[in-house]
Every structure is written in C-alpha cells, then in structure tokens.
Amino acid sequence: MNTMPKDRLIIALDLPSAEEAQSAIDAIGDEGTFYKIGYQLMPIGGLDLAKRLSDEGKKVFLDFKFHDIGATVERGVSSVAKLGGDFLTVHAEPDVLKGAVEGRGDDKRLKILAVTVLTSLNQESLTKMGIDTALPDLVLKRAEFAAEAGADGVVASAKEAAAIKARFGDGLKIVTPGVRPAGADANDQKRVVTPADAIAAGADHLVVGRPIIAAKDPSSAARAIQQEIATAVDL
Ligand code: C5P
C-alpha cells in the first residue's frame with residue numbers, strides 16, 4: 001500500500017447543506033484530504049461541492065450506492081467520472097459491477113467500491129428477503145463478485161475486513177465505517193472499533209463522520225485519528 005496515512009482517513013460530510021459542509025471543511029483545514037459526500041448533499045449542491053474539492057486537490061468519495069440495470073449504471077458511472085471523484089459505491093451484484101467498471105472506462109482515478117451487505121441488515125433481515133446464505137458467506141461471495149468484475153474494493157465493517165483481506169489480499173481495497181477513537185460517542189453505530197483496530201483488521205481507509213464534523217475542534221479531532229492510523233500502519 002502506498003497510500004499516504006492522511007489519505008487513509010475519509011471524512012464523511014453528513015451535513016444538511018453544502019454551506020455547512022463547506023464550513024466543516026474550512027474548520028478541518030489542511031488535515032482533511034479525503035471527503036465523503038452521500039445522498040444527503042447530492043441533490044442540494046453536493047455535486048458542485050465534489051467538483052470544487054476535486055479542483056482544490058482533495059480526494060472525493062461519492063457514496064451514491066448505484067443499483068440498477070447494468071446499462072444504466074454504466075451511463076451513470078460514466079457521468080460521475082467527469083466530476084473527478086476518487087471512490088464511487090455501487091451495490092455488489094454482477095451486472096451492476098460490470099456496468100460500473102465499463103462506465104468508469106479507462107479513467108485511472110475513479111475507483112469502484114462494492115457495497116456487499118449493508119450493516120443495517122442482519123441474518124433475520126436476509127431471511128425476510130428470501131436469502132438463506134449465512135451473512136459472512138454472503139459478504140465474501142459479493143466481495144468475490146467485485147473482484148471478478150474488476151472493481152477496486154469494498155465497503156466493509158472491521159468485523160468483515162479480516163476475512164476479506166485473507167481471501168483477496170491487496171486485490172480489493174477495504175473501506176471501513178463504524179470507527180470511533182477510544183472514548184468517543186458511538187452515536188447510532190452498533191459495533192464500533194478504534195482506528196488502530198480497523199487498520200489491524202485490514203482496512204485500507206476509514207470513514208469517520210460525527211467524531212470529526214461535530215467536534216469542538218474538527219481539525220485536531222482529524223489529526224488525532226490520523227496519528228492513530230499512522231502509528232497502526234507502522235506496527
Ligand atoms: O458519523 P459516522 O462516523 O457514524 O459516519 C459514518 C459514515 O459511514 C456515514 O456516512 C454512514 O452513512 C457511513 N456508513 C456506515 N456504515 C456502513 C456504510 C456506510 O456508517 N455500513
């Protein structure tokens with residue numbers, strides 16, 4: 001991995017307006033090198049913000065979780081590639097992934113990340129949806145779809161990261177949310193791990209939102225997490 005430790009931290013801009021997101025970015029300052037923009041901002045200026053961040057040399061994770069017929073995903077991803085993003089999420093189904101990889105074309109920058117199984121789902125929810133596969137096996141099966149389609153990585157909890165790393169090594173990047181520095185509020189996250197534990201489990205990038213954007217001093221909150229990541233990477 002030649003990712004800079006700073007770039008391993010992806011800051012989730014989960015805020016109600018592009019103006020508030022910009023204020024958070026300003027408060028974080030130089031510590032913030034990689035930002036995640038999702039549904040909340042997408043329809044209200046998030047795309048312009050993504051382009052602006054990209055033009056300023058920041059990295060951008062577009063968490064749009066595309067899920068449609070392959071041809072539509074292909075066209076959508078091709079349009080997203082023009083924004084200059086670094087990561088884009090799609091759901092981990094073979095046709096969706098194939099469309100996404102085709103839509104990305106020879107863009108060297110945009111990496112396609114597969115959402116394997118949403119962490120809001122448990123075995124019972126899978127059964128309700130008619131899926132009998134054990135959840136950890138389904139995660140690995142869908143990670144395999146991602147690798148086979150030529151996608152670049154997966155979004156996975158720290159709990160799932162080790163098995164994915166063991167199976168795919170550096171063939172798939174692992175991007176892990178649900179991370180909390182020791183002592184931080186878990187908010188609504190059910191299973192949280194520290195930055196060091198997530199790195200030890202095999203995560204390449206950590207997604208952290210509220211512990212940074214809601215901190216009194218967002219810049220030092222980001223710096224503290226980056227330091228913990230840097231120490232863990234060196235271990
Ligand atoms: O504020 P917090 O650190 O909990 O934010 C985590 C971010 O990661 C949010 O944007 C959330 O939507 C996202 N995420 C998650 N769990 C997943 C996938 C994405 O928390 N399984």
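Each ligand, and each atom within it, is numbered from 1 in the order the structure gives.
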key: Selection from Gly209, Pro177, Ala214, Ala184 by shortest heavy-atom distance to atom 19 (C) of ligand 1   = Pro177
Ala156 backbone acceptor or donor facing Thr176 side chain under 3.5 Å = yes
request  = Check if Val208 has a non-hydrogen atom at a distance under 4.0 Å from any atom of ligand 1.
outcome  = yes
Atoms in ligand 1 with a heavy atom of Ala12 nearer than 4.0 Å = 10 (O)
Between Ser17 and Glu20, a side-chain donor and acceptor under 3.5 Å = yes
key: Atoms in ligand 1 flagged as close to Val207, the criterion being non-hydrogen separation under 4.0 Å   = 7 (C), 8 (O)
request  = Go through the side-chain N and O atoms of Arg75 and Ser79 and say whether any donor and acceptor fall under 3.5 Å apart.
outcome  = no
Pair Arg52, Gln22: side-chain N/O donor-acceptor within cut-off below 3.5 Å = yes
task = Just jot down the ligand 1 atoms closer than 4.0 angstrom to any heavy atom of Thr119, in number order.
result = 16 (N), 17 (C), 21 (N)
remark   = Looking only at protein heavy atoms, what sits closest to atom 20 (O) of ligand 1 is Gln189 NE2, 2.8 Å
Ligand 1 contacted by Asp14 (non-hydrogen, < 4.0 Å) = yes
message = For atom 2 (P) of ligand 1, what is the closest protein heavy atom, and at what distance to 0.1 Å?
response = Arg180 NH2, 3.4 Å
inquiry  = Considering non-hydrogen atoms of the protein only, which is the closest contact for atom 12 (O) of ligand 1, and what is the distance?
reply    = Lys36 NZ, 4.1 Å
note = CZ (Arg180) and CG (Asn187) are apart, to the nearest 0.5 Å, by 4.5 Å
request  = Indicate whether any N or O donor in one side chain lies under 3.5 Å from an N or O acceptor in the other, for Thr33 and Arg8.
outcome  = no
query = Is it true that a side-chain atom of Gln123 and a backbone atom of Leu135 form a donor plus acceptor pair closer than 3.5 Å?
reply = yes
message = Can you name the atoms of ligand 1, numbered from 1 with element, that are less than 4.0 Å from a heavy atom of Arg210?
response = 1 (O), 2 (P), 3 (O), 4 (O)
